[in-house]
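Every heavy atom of this structure was used, including side-chain atoms; hydrogens, water molecules and symmetry mates were not. Below, chain A is the first sequence line, B the second, and so on; all start at residue 1.
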Amino acid sequence: MAFNLTSSPFSVSQDSHLFCISSLVPSHLLHLKPPALNFPLKINPKPSVYVTHISLQEQPQTSNSEISQNPDEKTSSSSKSYIWVNPKSSRAHHLRKDSYDFRYASLLKIAKSLDICDPLEADVAGILETLGGRIVEQDAAVVLNNMSNPETAPLVLKYFQKRVKLSKEVILYNVTLKVCRKCKDLDKAEKLFDEMIEKGIKPDNVTFSTIISCARQCSLPEKAVEWFEKMPSFGCEPDDVTYSVMIDSYGKAGNVDMALSLYDRARTEKWRLDALTFSTLIKIYGTSGNYDGCLNMYEEMKALGIRPTVMVYNTLLDAMGRARRPWQAKNIYKDMLNKGFEPSWGTYAALLRAFSKARYGEDALNVYREMKQKGLELTVVLYNTLLSTFADVGFTDEAVEIFREMKDSSNCTPDSWTYSSMITIFSCSGKVLEAEETLNEMLGAGFQPNIYVLTSLIQCYGKANRTDDVVRTFDRLLELGITPDERFCGCLLNVMTQIPREELGKLTSCIEKANSKLGHVVRLLIESEDIEGEIIKKEAGQLFNDIGVDVRKAYCNCLIDLCINLNLMERACELLDLGLTLEIYTDVQSRTPTQWSLHLKSLSLGAALTALHIWMNDLSRTLENGEELPPLLGINTGHGKHKYSEKGLAGVFESHLKELKAPFHEAPDKVGWFLTTNEAATSWLESRRSNGVAAS
DNA sequence: CTAGGGTTAG
């Protein structure tokens, strides 16, 4: 069967078993390495030069060899000799692909020139002349399909309509509509549609799904709906793709209910929805916060016998990240690998985000290492995600290493987020010099310090007991015209709990400037020793009501610490009591018939000591009332491994309990728990009472 | 890439 020259030279028939390449082809074309293209190039007038020599004939003898000389042709003149290529071989695949690529590259070049030429018929025609006289309909579609200029594309369409015999004109309209979509130009798309109708060309599902997705990308979901509803009046019934686009449109518009009801409709109409639609549905559930809905969709998809794609997995992983369910992300990832899927860049990005959000530092680091090993480049956002997690979990050395690798990478430069994370990391780990160096580097790169950076620096200097530098940094904030926020004030307050008494005044005035209400409460605590407890409670209560829920506990902890440092236990008790009343602290004490417990997990040291003091008083009162203690008493300090300090609450508490001669002992099997029995506790509390050292 | 669906985030 000889190749038909009049048909498209590229439609290499799929059912043929062999290609045959005529030796007439110049040797450089035998390998079908396309010659260097010097645009403009006429690609159609002599297509035989590079393609039509691939002829297709049965050649059974050579079935087991990839390339061989055809014995029948060997003896004839060189002009008739052929090289036979098994079409199933990789060689044949390359030949076919190369010829295709060559044609495609030429048409691409034409599309690019049409994109940048003036929207004038003559200019457009000038470029299209290079296609030659006989233009194949498919070539016209390819050119338009690769254009992205909505001004010239209609002119190109017009040219083809005039010059090419079109059997399926709707296709050319559809690809031109795609150009409008690329440019998010719904008006032009609608105009084009009107023109189609005027010319009597019947739109099809492709026409509608393109316009609908155009409306979606223009963030005009109501327009998308309008077009969707218009379909039946043009004799089109929505199909699987239309449903998919509409589901996504509703999802993007935040109309989750409509998206899901459309999914139901598609199912009852028995459309076979594919993995991409499910990926869309999972995304909709994910962005609306219904994470179990995501998993259900995944199960439903599998139940329908639809094989997931990498994208489905990526969407699921992303949803599990948002849901802060890193363990589920891990399971899905394992599942994906077991099924033989190759993770993509998006897979790793989703995992990295999921682990970072959940502060799974080690796992995030492993993802990073795997990406590097596979040569996948991280973006600035991903680097920053990783570094901010490392700041949270205290991976100082790892952060330093990755910061360096980021600076070495070709496609990334640190931004203010990056510097901010690094300065935070150095500040929290007490590396004052490194923090200052990084600040200078940041300034050198042209970034102003922001409130995050200055907050970190204040912590840094506070920890190093450099009160004057704290004040200097505070002044810098004001000079930069930045308004101190609640977190910043919280840090100033926290510094006050760490510095000697005689330096407190320096920071009190800073705090007063930053937040007068807080300043007022602080001054009351430090300076008015014999003020009424009720007044403190009233003022502090007002303060707590004024500030955000997220900083309340931090403020309360600091104020109590300040009292403890100043030996004002009674005042500390009043503040703790206030904190309990306002539910800043919850479940500090718990009682079951067998065990009474004190939970100190999110309390600062001062607050914890205060809570212990109150608890001991409560226990003593129980005994005074002639009641029994339960068999077991326990104090839970939490595991005590604070990210940036070796000695957490557990360690400090252990020595404190020893000082008090309290009979509590660290539970060997329960980390962070100190336990004692009824008997031991009772005799200890009674000896304290008789010694007169019990509660004041 | 081959006339229709989504894609990269703090």
Side-chain angles (χ1 to χ4, degrees), chain A residues 8 10-12 96-97 100-108 111 136-147 157 166-179 181 203-214 216-217 224 227 231 236 238-249 251-252 266 271 273-284 286-287 309-312 314-315 317-319 321-322 344-354 356-357 376-389 391-392 411 415-418 420-421 452:
Chain A
S8 165
F10 310 102
S11 50
V12 176
R96 200 185 313 189
K97 193 174 171 304
Y100 182 83
D101 288 351
F102 179 50
R103 158 184 167 266
Y104 197 83
S106 319
L107 295 173
L108 267 185
V136 188
E137 190 170 2
Q138 197 193 344
D139 288 346
V142 170
V143 168
L144 275 166
N145 194 40
N146 284 290
M147 286 188 61
L157 172 67
L166 297 169
S167 60
K168 284 175 281 181
E169 201 165 343
V170 64
I171 293 179
L172 288 198
Y173 273 102
N174 289 346
V175 285
T176 314
L177 284 169
K178 276 175 76 182
V179 179
R181 189 187 55 193
D204 59 12
N205 273 352
V206 178
T207 316
F208 283 101
S209 57
T210 308
I211 296 176
I212 291 168
S213 68
C214 178
R216 189 199 73 93
Q217 279 183 21
W227 278 97
M231 291 180 70
C236 292
D239 61 10
D240 54 342
V241 175
T242 331
Y243 276 121
S244 183
V245 183
M246 277 313 298
I247 288 170
D248 191 38
S249 297
K252 277 269 153 48
W271 283 109
L273 299 171
D274 64 7
L276 186 53
T277 308
F278 279 95
S279 160
T280 304
L281 285 159
I282 292 168
K283 182 166 281 174
I284 290 170
T287 45
T309 59
V310 172
M311 186 163 162
V312 168
N314 293 354
T315 315
L317 290 171
D318 202 61
R322 281 172 201 273
S344 67
W345 188 91
T347 313
Y348 292 117
L351 282 175
L352 200 67
R353 253 174 291 148
S356 293
K357 201 168 214 168
L376 295 170
E377 295 269 15
L378 276 80
T379 59
V380 191
V381 177
L382 278 185
Y383 270 115
N384 289 347
T385 306
L386 203 55
L387 290 175
S388 106
T389 299
D392 285 339
N411 65 334
D415 64 9
S416 61
W417 287 72
T418 320
S420 170
S421 288
Y452 302 104

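Look at CG on A:L166: it is 13 Å from C1' on B:dA3, rounded to the nearest Å. Atom CD1 in A:I171 sits about 10 Å away from atom P in B:dG4, given to the nearest Å. If you take CG of A:L144 and C1' of B:dG4, they are 16 Å apart, rounded to a whole angstrom. Between A:M147 atom CE and B:dT2 atom P there is a gap of 16 Å when expressed in whole angstrom units. Between A:L172 atom CG and B:dG4 atom P the separation is 13 Å, expressed in whole Å. Atom-to-atom, CG of A:N174 to C1' of B:dA3 comes out at 6 Å; the value is rounded to the nearest Å.
Here the CG atom belonging to A:N174 is positioned 3.5 Å from the OG1 atom belonging to A:T207, to the nearest 0.5 angstrom.
Counting non-hydrogen atoms under 4.0 angstrom, A:N205 reaches a base of the nucleic acid. Residue contacts for A:N146: at a heavy-atom cut-off of 4.0 Å it reaches no nucleic acid atom on any strand shown. A:D204 comes within 4.0 angstrom of a nucleotide base, judged by non-hydrogen atoms across all strands. Using a 4.0 Å heavy-atom cutoff across all strands shown, A:T207 reaches no nucleic acid atom at all.
Summarising the local packing, OH of A:Y452 is surrounded by 12 or fewer heavy atoms from other residues, nucleotides or ligands at distances under 6.0 Å.
Atom name C1', nucleotides B:dG5 and B:dG10: the rounded distance is 28 Å, in whole Å. B:dT8 and B:dG4 have their C1' atoms separated by 24 Å, with the value rounded to a whole Å. B:dA3 and B:dT7 have their P atoms separated by 22 Å, with the value rounded to a whole Å.
Under the 3.5 Å distance criterion, the side-chain polar atoms of A:S356 are left unmatched by any main-chain donor or acceptor of A:R353. Panel note: side chain A:W417, backbone A:S388; no donor-acceptor pair is recorded below 3.5 Å.
Of the candidates A:N146, A:N145, A:T210, A:K178 forms a side-chain hydrogen bond (donor to acceptor under 3.5 Å, both in side chains) with just one, namely A:N145.
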Query - Nucleic acid footprint by protein, nucleotides 5-10 of chain B - heavy-atom cut-off 4.0 Å, B for base, S for sugar-phosphate alone - result: BBS-BB

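Side-chain contact check for A:N384 and A:S421: no donor-acceptor pair (N or O, by modelled atom type) lies under 3.5 Å.
Under the side chain to side chain donor-acceptor pair (under 3.5 Å) criterion, A:T277 pairs with A:S244, A:D274, sequence neighbours left out.
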